[in-house]
Amino acid sequence: MARGRLRVLLGAAPGVGKTYAMLEEGRRLRDEGRDVVVAVVETHGRAHTAAMVEGLEVVPRRAVRHREVELTELDVDAVLARRPDVALVDELAHTNAPGLARTKRWQDVDALLDAGIDVLSTVNIQHIESLNDVVEKITGVVQRETIPDAVLRAADQVEVVDLAPQALRDRLAGGYVYPAERVDAALSNYFRLGNLTALRELALLWLADEVDAALRLYRTEHGIDSPWEARERVVVTLTGGPEGETLIRRGARIAARSAGGQLLAVHVTRQDGLRGAAPGALAHQRALVEQLGGTYHQVVGDDVPRALVDFATAVDATQLVIGVSRRGWLATALSGPGIGATVTREAGKIDVHVVNHAAAGGRPRLPRVGGALTRRRRVAGFALALVGGPLLTWLLVATRSTDAFVADVLAYQLLVVVTALVGGLWPAVYAAVLSGLTIDFLFVDPLHTVTVSEPSHALALVLYVVIAVLVSVVVDRAARTTRAAHRAAAESELLATVAGSVLRGQDAVAALVGRAREAFGMTAARLVVGGPPGGPPHGGGDPGGTVLASDGEVPPGEPGTTVPVDERAVLQLYGPDVAASERRLLNVIAVQLRAALERSDLASVASEVDHLTASDRVRSALLSALSHDLRRPLSAATAAVGGLRTAGSRLSPADRAELLDTADESLRALATLMTDLLDVSRLDAGVLAFARTHVDTADVVLPALDELGLGPDEVELDLDLAVPPVLADPVLLQRVVVNLLANATRHAPPGTRVRVATSTFAGAVQIRVVDHGPGIPRERRDDVFVPFQRLGDTDNATGLGLGLALSKGFVTGMGGTLMPEDTPGGGLTMVVALPSAGTDDPADATRGTTE
């Protein structure tokens, strides 16, 4: 019997519509004549999902009793006896109740598949075993029900049921996913917008990887060796010339042809400067690259074609876009193949696009003298002298005339000058000596000897060699001067790139370290402070200090290159040896790093000054608040006591009682204010003691209501009896709840009730105080926890503005958090999250289990 086919609907989170889509597909298959049954479906109380079950045959579940609780599970035997064409099985990662033949539901599905039954099932991305730890880091929730990756990868078809994160939150807020009492906690915890976006990306990337693996398997099975690049990574080479915009736009179009295509632009700056590289044009082209969604890179290299290929290989490029050479045919003939031809030859499996443009070609001209005389140019000069000399000699001998001696000398002089232009001093001297001997041997009487019969001829030959040497010296000096100028330009371009990165918001130290690694083609670079002057003995070892910034992975066992930055910091580079000519640029970067470190130190000092300024503002606010909030109860108490002392026995019992009540109330208000001030000072000094113990949240909430005199007509209680005790200081926690309740009831509109709810999430216990008042704008939420402010509230009964500041300090000191959130429908929800009593480490309070 043929094995059945497994089709899985994959979702990023609960509520995206997997079960609904499964039932909808079951209805479609039934309408096409297939025999479809619902083996198991979990509607979770969702009316729309339950309505989709109507009209489909449902196989009764199997009842299992466990610990005096009756559970229902998939009845595999009943489904096998029914033998449908297709079985709908929800929640593939579900764990079966103890006592059944198989532990996991995916094992039940495997039994159905072995029987030849097709299965349509559902699963969420958080239940995939390999992604379990990733999901925990994103959401703070440990998923204990997982499915092996191999089971899902073996499915015949996997489809993503996608829903935008905000649309899912809207569906949740509308009550289509969870009951109303669970909506607030879900929106503010697991279903945060960032969590949903990350889970959605995980689901899409997982499916993309599966598609890529399936494609590789297909090519292997069919013996296809040529690459099928489904995701393009296009590298565009920029010289700073006018063709740059054309190449960038062509590369962007190539990258856009495939989903996920990437555009990278690279500019290679040689030690002698890249010919034709205008800084203004490069800046404009860089802006165009970033506007088109690409990234700009700059590297330094002597061999431009090799540097381009190395960069493209390092970034796993699939396409390389270069422009047709702007050189004319004569320059190409004299200097050999250009960059494009060399890149095409050395690119290997990378596709090279040579793009034509308006600046291609050019009029016939000699190559520019615009750079340092590299070994390649010197070799070319000697080759020109060796090949050009005999060819010129053959031509002059073939057309020899007795009156053409001066023309012959000038022809050889031209050869020497051209050799000087190509190869510099020594090839030109070689050509001058060789041509001088040739002229004496073949064109000066007596012929075929190296003797000179007339002194004037000998003087002419000496002057000829001297002129050739002088021309060569001038050319060589000009080349060296040009090299120095272009080297400075290359350094300026690199530093301008670094400065631009910093101005765009990147960290100065990190940007300098990253650009240093990229510019010199290094594997890794890092800035170490406080280590030994020579750096670590091995690359992969302990840096011997604090790593302030790093870029790339340090290869093990590689010593690297160490560049001192100042007396406390060194820059360590790992990769190829740094040439001596590049040390100057490294020193320039070291100077910039030193300045960046000094700036960081100054920023630290400035932050301390800002802290002192903030403290002065707090003191000023304190004095301003004390001038009013302490004066009022103090004046009332003084007046009451003075009335008692003055009137004495003449006061009636009622008047005496009223004055005593006034004095008592005022003194208690003063005591409360002083207690808050002392607590704030202790929190700032870090000396406030917290006696944490196991506390039942109900034992805190109910006394707080009694303290404020709040009844059922003002407060609605939604206390979960299953909530475990919290690890907290009961006295301080009650003060927190009293303050939150007082604020909520004061701002709640008339006729509405404040709701106090308790719940658990991610190993933490939450106390939520919900009101439907005006709320607080998002940009001012941090301000509510600043002491001595009232957000513009001028009510005389609001006190010094210490309540929320103290509450946050108390909760933080107990290992918890206090966060403001929006109330669905308008208002403010204050959420106190504390570690449960079973979690002794407050850091563990953000981890737990949810279904």
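Any value given below was found using the heavy atoms of this structure, including those in side chains, with hydrogens, waters and symmetry copies removed.
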Closest non-hydrogen atom pair between Ala39 and Leu74, with its separation: CB-CD1, 3.4 Å
Would you tabulate the side-chain donor-acceptor contacts of residues 720-728 under 3.5 Å, counting partners in other chains and residues two or more places apart, or write 'none'?
| unit_1 | atom_1 | unit_2 | atom_2 | d |
| --- | --- | --- | --- | --- |
| Asp720 | OD1 | Ala722 | N | 3.0 |

CA sep, side-chain torsions, deciding dist, call: Glu91, His127, side chain to side chain donor-acceptor pair (under 3.5 Å): CA-CA 10 Å; Glu91 297 187 357; His127 296 297; over 6 Å; no
Residues in side-chain contact (heavy atoms from CB on, under 4.5 Å) contact with Asp149, at least two apart in sequence or another chain: Ile128, Glu129, Ser130, Arg153, Trp206
Ring pair (Phe, Tyr, Trp, His ring centres under 6.0 Å) involving Tyr20 - partner list, sequence neighbours excluded: none
Results of side-chain hydrogen bond (donor to acceptor under 3.5 Å, both in side chains) for Arg62 - residues two or more places apart only: none
Salt bridge (Lys or Arg N to Asp or Glu O under 4.0 Å) against Arg46, all qualifying residues, sequence neighbours excluded: none
Closest heavy-atom pair and its distance - Pro14, Gln126: CD-NE2, 3.6 Å
Those residues that, when tested against Ala155, pass side-chain contact (heavy atoms from CB on, under 4.5 Å) (two or more places apart): Leu6, Val8, Val158
Those residues that, when tested against Asp90, pass salt bridge (Lys or Arg N to Asp or Glu O under 4.0 Å) (two or more places apart): none
Under the ring pair (Phe, Tyr, Trp, His ring centres under 6.0 Å) test, residues paired with His297 that sit two or more places apart: Phe311
Test ring pair (Phe, Tyr, Trp, His ring centres under 6.0 Å) applied to His44 - qualifying residues, sequence neighbours left out: none
Residue pair Leu573 / Ala525: nearest heavy atoms and the distance that separates them: CD2-CB, 3.4 Å
Gln166: partners by side-chain hydrogen bond (donor to acceptor under 3.5 Å, both in side chains), with sequence neighbours left out: Asp170
Side-chain heavy atoms of Asp351 within contact of Thr318, under 4.5 Å: no
Residues that Asn195 engages under side-chain hydrogen bond (donor to acceptor under 3.5 Å, both in side chains), provided they are two or more places apart: none
Which residues share a salt bridge (Lys or Arg N to Asp or Glu O under 4.0 Å) with Arg61, sequence neighbours left out: Glu42
